[in-house]
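Just below is one structure, and these are the notes that go with it.
Quick note on labels: first sequence line is chain A, next is B, and so on, each numbered from 1. For the numbers below, each heavy atom of this structure counts, side chains included, while hydrogens, waters and symmetry mates do not.
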There are 2 protein chains.
Amino acid sequence: MLFTVDPGSSSPLFEQLAASIRGAILSGRVAVNERLPAARDLAVALDINIHTVLRAYQELRDEGFIELRRGRGAVVTDRARDYSALARDIDTIVAEAKRLELTPGAVSAMIREAW
Amino acid sequence: MLFTVDPGSSSPLFEQLAASIRGAILSGRVAVNERLPAARDLAVALDINIHTVLRAYQELRDEGFIELRRGRGAVVTDRARDYSALARDIDTIVAEAKRLELTPGAVSAMIREAW
DNA sequence: CTATTGTTATAGAAGAACTATAACAAGCTC
DNA sequence: GAGCTTGTTATAGTTCTTCTATAACAATAG
C-alpha cells in the first residue's frame, strides 16, 4: 500500500493519513491529475472508517493539494511545482536539528514561530 | 506576558505553552540558568490549570530544555548552544514554503517524513 | 439508467485534554 | 528547626476530539 497509518501512534489517524498522502504528492510519487483511491476503498484497505479517510481528504483539499468531486473522486491538483529546493533545505534542517539533539516537535515549533 | 496560549486553537494548551517557552529558550529570550515562573503563578497568569502548565514543563524537561526540582522551580539548562545556523535555515524554509503557498502543517509533516 | 463517489446527518463509544482538590516531598530562607 | 515555596502524585469529574457505525442524499461517469 502506498499510504499507511499507525494505529499505535499518538497523532490522530486522519492527520497521519493526510501527512502520508501529502508526502506522496510533494515527492511526486503520485502524479498530477492522478486519482487517489476512493475513500471507501482506502478505508477498507487501511481498516479504518470512511469518515476518517474523508477527513484526511478534506484537509488536503483545504491545503489545495487535491480536488474532491462526487462520482469522480479525489484528484491531485497541478500544485506540483518544483519542490526540490524545499526538500533539500528540509534535509539540511533535519540534519542540523539532529546534531543539536532537537525533536521534530521542537523544530515544528520553531517553524511556526518563524512563520 | 512572555508566554502565551490561544484557547481557540485546535492544538492542546499544553503543547502551545511548551512551544511558546521552547521558542523563547531557542531564541535566547530567556537565558540559561534563568528560572521560569512557578507553575502555580503561570497557571493563574494564563488562566489555565496548574496541571496543564506542569505538563508543558514536563515535556520541555523530557526534551532537555529545563530542569525541574521541588522548591527550586523550572530552570533553563545549558543546552543553549549555537542555534543561529538552524534559525537561518528555518527562515529560508519558511520563505520558500510561503512562496509555494504551503501551510505550516504541511511543512511540519514534511519534516517528520524526512526525519 | 445504473454504479460510483463524495457529502451530509445522526448517534454512540473511547480516549485525550482540562479542570479541581488535596495531600505529599524536596529545597530555600530566616 | 520553622515556615514557605515549588514540583510531584493521586483522585475524580467534565468537556472535547477522535473514531466508528449506519444511512440517506447528490453529483458524476459510463
Side-chain angles (χ1 to χ4, degrees), chain A residues 2-22 25 30 33-77 105 109, chain B residues 2-22 25 30 33-77 105 109:
Chain A
L2 187 54
F3 309 124
T4 59
V5 293
D6 172 18
S9 166
S10 66
S11 62
L13 289 176
F14 74 91
E15 282 288 0
Q16 292 181 48
L17 181 55
S20 177
I21 299 173
R22 197 190 289 116
I25 294 175
V30 298
N33 289 329
E34 188 172 333
R35 231 194 70 184
L36 298 181
R40 282 171 179 81
D41 295 345
L42 191 49
V44 170
L46 297 175
D47 196 25
I48 60 180
N49 193 273
I50 181 178
H51 289 109
T52 306
V53 175
L54 285 171
R55 188 159 174 188
Y57 278 10
Q58 282 151 15
E59 180 168 317
L60 294 172
R61 177 193 54 193
D62 291 345
E63 294 174 0
F65 287 109
I66 63 176
E67 276 186 352
L68 296 176
R69 295 268 176 84
R70 317 185 203 199
R72 182 154 58 127
V75 179
V76 178
T77 64
Chain B
L2 186 54
F3 310 123
T4 59
V5 293
D6 172 18
S9 166
S10 66
S11 63
L13 289 176
F14 76 91
E15 282 288 0
Q16 291 181 50
L17 181 55
S20 177
I21 299 172
R22 197 189 289 116
I25 293 175
V30 299
N33 289 328
E34 187 173 333
R35 230 193 72 183
L36 298 181
R40 281 172 180 79
D41 296 344
L42 192 49
V44 170
L46 296 177
D47 196 26
I48 59 180
N49 193 271
I50 181 179
H51 289 109
T52 305
V53 174
L54 286 171
R55 187 160 175 191
Y57 277 11
Q58 282 151 16
E59 180 168 317
L60 294 172
R61 178 192 55 192
D62 292 345
E63 294 175 357
F65 287 108
I66 63 176
E67 276 186 352
L68 296 176
R69 296 269 175 82
R70 316 183 203 203
R72 183 154 54 127
V75 180
V76 177
T77 64

Restricting to non-hydrogen atoms, name the atom on [X] and the atom on [Y] that form the minimum distance, rounded to 0.1 Å.
| X | Y | result |
| --- | --- | --- |
| B:L46 | B:F3 | CD2-O, 3.5 Å |
| B:A56 | B:A18 | CB-N, 3.8 Å |
| A:I48 | A:V53 | CD1-CG2, 3.8 Å |

For a 4.0 angstrom threshold against heavy atoms of chain B, report the outermost contacting nucleotides of DNA chain C in 5' to 3' order.
C:dA17 to C:dC28
Choosing from [options], which nucleotide comes nearest the side chain of [X]?
| X | options | value |
| --- | --- | --- |
| A:F14 | D:dT20, D:dT6, D:dT18 | D:dT18 |
| B:A39 | D:dT6, D:dT20, D:dG7 | D:dG7 |
| A:R70 | D:dC19, D:dT6, D:dA27 | D:dA27 |

To the nearest Å, how far apart are [X] [atom1] and [N] [atom2]?
| X | N | atom1 | atom2 | answer |
| --- | --- | --- | --- | --- |
| A:L68 | D:dA26 | CG | P | 19 Å |
| B:L13 | D:dC16 | CG | C1' | 12 Å |
| A:R69 | D:dA29 | CZ | C1' | 13 Å |
| A:D47 | D:dT20 | CG | P | 8 Å |
| A:L54 | D:dT18 | CG | P | 15 Å |
| A:R40 | D:dT28 | CZ | P | 16 Å |

Hey, does [X] reach any base, or is it just sugar-phosphate, or nothing, if we go heavy atoms under 4.0 Å?
| X | value |
| --- | --- |
| A:I50 | nothing |
| B:E67 | nothing |
| A:E15 | nothing |

Backbone N/O of A:D6 and side chain of A:Q16: donor-acceptor pair under 3.5 Å:
yes
Residue pairs passing the side-chain hydrogen bond (donor to acceptor under 3.5 Å, both in side chains) test where at least one lies in residues 33-48 of chain A, sequence neighbours excluded:
none
Quick check: do A:I21 and A:L60 have side-chain heavy atoms less than 4.5 Å from each other?
yes
Are OP1 or OP2 of D:dT17 and a side-chain N or O of A:R55 less than 4.0 angstrom apart?
no
Exercise answer: donor-acceptor pairs, residues 64-76 of chain B side-chain atoms, under 3.5 Å, sequence neighbours excluded:
none

Starting from the 5' end of DNA chain D, give me the residue, B:R61 or A:Q16, whose nearest nucleotide shows up first.
B:R61
